Protein chains: 2
Amino acid sequence: MNETNLSRTPTKVSADHIRDALDQLVGYHLRRASVHDLNGAVAALDDVGARPITMSVLLSIVEQPGSTSADICRMLGIKRANIVGLLQQLEARDLFLRKDDPADQRIQRLYPTETGLKTALDWLNRIRQHEEKTLRRLSLEERAELRRLLSLIWSEDTSGE
Amino acid sequence: MNETNLSRTPTKVSADHIRDALDQLVGYHLRRASVHDLNGAVAALDDVGARPITMSVLLSIVEQPGSTSADICRMLGIKRANIVGLLQQLEARDLFLRKDDPADQRIQRLYPTETGLKTALDWLNRIRQHEEKTLRRLSLEERAELRRLLSLIWSEDTSGE
DNA sequence: TATTGTTATACTCTATAACTATA
DNA sequence: TATAGTTATAGAGTATAACAATA
């Protein structure tokens, strides 16, 4: 019965309803591309004893001198608890200084040292070389478009602390 | 001395050399977008006791019945050791069956059950609803273009086992 | 009450090494 | 020698809860 099956609901689920499903999910490609890129970034920074997140924190301090650690956490979408060790590593290498805020004694404002500036530039150049490799099949226009589309996805993200 | 500074190498590193550096890195946007999307995907599957990677494995079995677990690992870019628990979860829910290969006794070929097909469709629909949210600011053309650009980045990845 | 910086801790994901059985 | 499936384990990343000091 129901041989003509005019109903939109199939009487039997078949694999035909799930064809190339994974390949059509943007999230799947996002994940694969992000992991691929991250692996390359980790390798690019391995020689200098840094990780991508370490570089992001240092770059934040360089780009926004005077930020607090809580500011940086909000900027990068990470938790306050998880920046502590990262800052300790950077501090042990004299890449930034903490200065107590005279107006608010809860706060430490972070400023890059001269070494921190040089190091940030070095790390950044390593990452740029790595990006040149991962993006070698994309034109400059495509790279800019990709950046634009990606930022449309996450830029309203308020989940980070 | 050297006031005109004709050299391309600055005598003093300044933060001016690192302006909007993080924002210009495609890898940074890749990471932020991927994390944002993944969080939504995790939430979308939470009700049904699945994770994105669990769904990916089930979809692989549905789309390529008769694959081995090693095949799926190569397809998804994950390690053989890490699929064992995922398969055990799916197996405990009767979503697929293992059949010994008569020609090669090392191999188990995986086939979805009827329940597995229905479940895959359900999970997929949940993910599609979630994607509609994360991609709401992108046109259909932009979504297709994003998928194309992302696959250009990772499609030659051979790092997965 | 809320925020900052911090500690402790748990959970997930991922990576490596080793083992067996088979080819 | 190489591959498949598995176990055990270690390392990152990330999450929550709690705390003291301060606003």
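Values in this document were obtained by computation on a predicted structure and should not be read as measured data. Letters A, B, ... are given to chains in the order of the sequence lines, protein chains preceding strands, and every chain is numbered from 1.
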- Starting from P on dG11(D), measure out to CG on Asp46(A) and report it in whole angstrom. 15 Å
- Task: Please tell me which of the listed nucleotides, dA4(D), dT4(C), dG13(D), lies nearest to the side chain of Arg51(A)?
- Result: dG13(D)
- Taking Asp71(A) for the side chain and Thr68(A) for the main chain, is one N or O donor matched with an acceptor at less than 3.5 Å? yes
- Query: Could you give the CG-to-C1' distance, from Asn39(B) to dT16(D), as a whole number of Å?
  - Reply: 15 Å
- For the side chain of Ala81(A), starting at C-beta, report the closest nucleotide among dG13(D), dT6(C), dT7(D). dT6(C)
- Item | Distance, rounded to the nearest Å, where His36(B) contributes NE2 and dT14(D) contributes P | 16 Å
- Flag the pair Arg148(A) and Glu142(B) as a salt bridge only when some basic side-chain nitrogen lies within less than 4.0 angstrom of an acidic carboxylate oxygen. yes
- Query: Honestly curious: do Leu150(B) and Leu38(A) fall in one hydrophobic cluster under the side-chain, below-4.5 Å linking rule?
  - Reply: no
- Item | Nearest-Å distance for atom pair CD1/C1', residues Ile83(A) and dA15(D) | 16 Å
- Among the nucleotides dT7(D), dG5(C), dT16(C), whichever has the atom closest to the side chain of Thr68(A) is dG5(C)
- Could you check if a side-chain atom of Glu131(B) sits within less than 4.5 angstrom of a side-chain atom of Gln24(A), using non-hydrogen atoms only? no
- Does OP1 or OP2 of dA4(D) have a side-chain N or O of Arg74(B) closer than 4.0 Å? yes
- Query: Has Arg109(A) got a side-chain N or O lying under 4.0 Å from the OP1 or OP2 atom of dT4(C)?
  - Reply: no
- Is Arg143(B) reaching over with its side chain to a backbone N or O of Leu138(B), donor-acceptor style, under 3.5 angstrom? yes
- Note on the structure: When Arg137(A), His29(A), His36(A) are each screened for side-chain hydrogen bond (donor to acceptor under 3.5 Å, both in side chains) with Ser155(B), the one that passes is Arg137(A)
- Message: Output the rounded distance in Å from CG (Leu87(A)) to P (dT4(C)).
- Response: 14 Å
- Between Leu45(A) (CG) and dA12(D) (P), how many Å, whole number? 14 Å
- Message: In this structure, would Val57(B) and Val84(B) fall into the same cluster of hydrophobic residues linked by side-chain contacts under 4.5 Å?
- Response: no
- Item | Interatomic distance where NZ belongs to Lys79(A) and P belongs to dA18(D) [whole Å] | 16 Å
Scan nucleotides 20-23 of chain C against the protein and return all N/O pairs shorter than 3.5 Å with their distances rounded to 0.1 Å.
{"unit_1": "dA23(C)", "atom_1": "OP1", "unit_2": "Gln105(B)", "atom_2": "N", "d": "2.9"}

- Item | Contact nearer the 5' end of DNA chain C, comparing Val35(A) with Ile107(A) | Ile107(A)
- Task: Please work out whether the ring planes of Tyr28(B) and Trp154(A) are parallel, tilted or perpendicular, with thresholds of 30° and 60°.
- Result: perpendicular
- Return no unless some side-chain N or O of Ser69(A) is found under 4.0 Å from OP1 or OP2 of dG5(C). yes
- Query: Choosing from dT16(C), dT7(D), dT4(C), which nucleotide comes nearest the side chain of Gln88(B)?
  - Reply: dT7(D)
- Message: Please compare Arg31(A) and Arg98(A) by the position of their nearest nucleotide in DNA chain C and report the one closer to 5'.
- Response: Arg98(A)
- Find the distance Asp100(A):CG to dT4(C):C1' and express it as a whole number of Å. 12 Å
- Task: Indicate whether OP1 or OP2 belonging to dC19(D) is found under 4.0 Å from a side-chain N or O atom of Arg80(A).
- Result: no
